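The next block holds one structure in the form of structure tokens; read it before the comments.
Both ligands and their constituent atoms are indexed starting at 1 by order of listing. Note that the coordinates shown come from a computational prediction; the quantities given were computed from them, not determined experimentally.
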Amino acid sequence: MLVDAHCHLTGSYPEPGALAAALDRARRAGVNGFIAVGTDLADARAVLALAAGRDDVRASLGVHPHEARTWDSGTPDALAALVRDPAVRFVGETGLDWHYDLSPRPVQETVFRAQIRLAREVAKPLMIHTREAPAETLRILKEEGAGAVGGVIHCFSEDRAFAREALDLGFHLSFSGIVTFRKAEAIQEVAAWAPEDRILVETDSPYLAPVPFRGRTNEPAHVTHVAAKVAELRGLTAAALGLITTRNLEALCGWAPSS
Ligand SMILES: [Zn+2]
Ligand SMILES: [Zn+2]
């Protein structure tokens, strides 16, 4: 039992049948649930269509900070209608990315704030993306009252001080393949220390393949390597970690895969 708490399944498998094959490989590896993330309105619709056809896929829909520049006057109502679907378990990914700066920072902030308000309105947890803007991300989460719904700091790659603040706000920490990288000591320390009921694992595939696949295309089956690393850091078996993180996801979003 193991859930990939954050993966991109749309647009990542252009060949016919490739997505189904990747999900089959994941299932054979013991991964039986997937939170599929949509990053703009068109992608959100594609993710929702995918989730509608599979019991083991649920959706996280939002406008990624990279795509914040696409947000216009019609986006709030369109996104609000999509996230009300019962298959949608999270709002996002949303947040700040000051590494790539693909959208202007003030626009990222406005769009982030709007999605926190939407999550509160529909009472669903947030899926947070944050890169090189830790203080600003925490400040906005606090100012907008994000603790009322909580959520996930996805692809956790900050330090222990950030983790402490995010946990205090009611957020879960989701570890990706980065935790398997040799130089990721600070993240490994958080993965070893974080409260057992607040940890998740993910691939963020097709990005960020864990060791021993680093540099190659990632896929949900590889969340087993992330789980094995976090389990090792915490002195648990991989099976125990799978159970713990599946229960944590269920406590957070009300869904766990049935088998
Ligand atoms: Zn992200
Ligand atoms: Zn992502």
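- Of the possible polar contacts, one joining the E202 side chain to the C155 backbone as a donor-acceptor pair under 3.5 Å is found.
- Taking the Zn ion (ligand 2) as reference, E93 places its N/O/S atom OE2 nearest.
- The Zn ion (ligand 2) lies closest to atom OD1 when only the N/O/S atoms of D204 are considered.
- A salt bridge links K229 with E232; the closest basic N to acidic carboxylate O contact falls under 4.0 Å.
- Not a single N/O/S atom of C7, whether from backbone or side chain, sits less than 2.8 Å from the Zn ion (ligand 2).
- Closest approach between the Zn ion (ligand 1) and any N/O/S atom of H129 involves ND1.
- The Zn ion (ligand 2) has an N, O or S atom of H6 closer than 2.8 Å.
- The line from CE of M127 to CD1 of I35 is 6.5 Å long, rounded to the nearest 0.5 Å.
- E144 and R120 are not joined by a salt bridge, as no carboxylate oxygen comes within less than 4.0 angstrom of a charged side-chain nitrogen.
- For the Zn ion (ligand 1), the N/O/S atoms of H154 include one lying under 2.8 Å.
- At a threshold of 4.0 Å, the pair R113-E109 counts as salt-bridged, since one of the basic side-chain nitrogens sits closer than that to a carboxylate oxygen.
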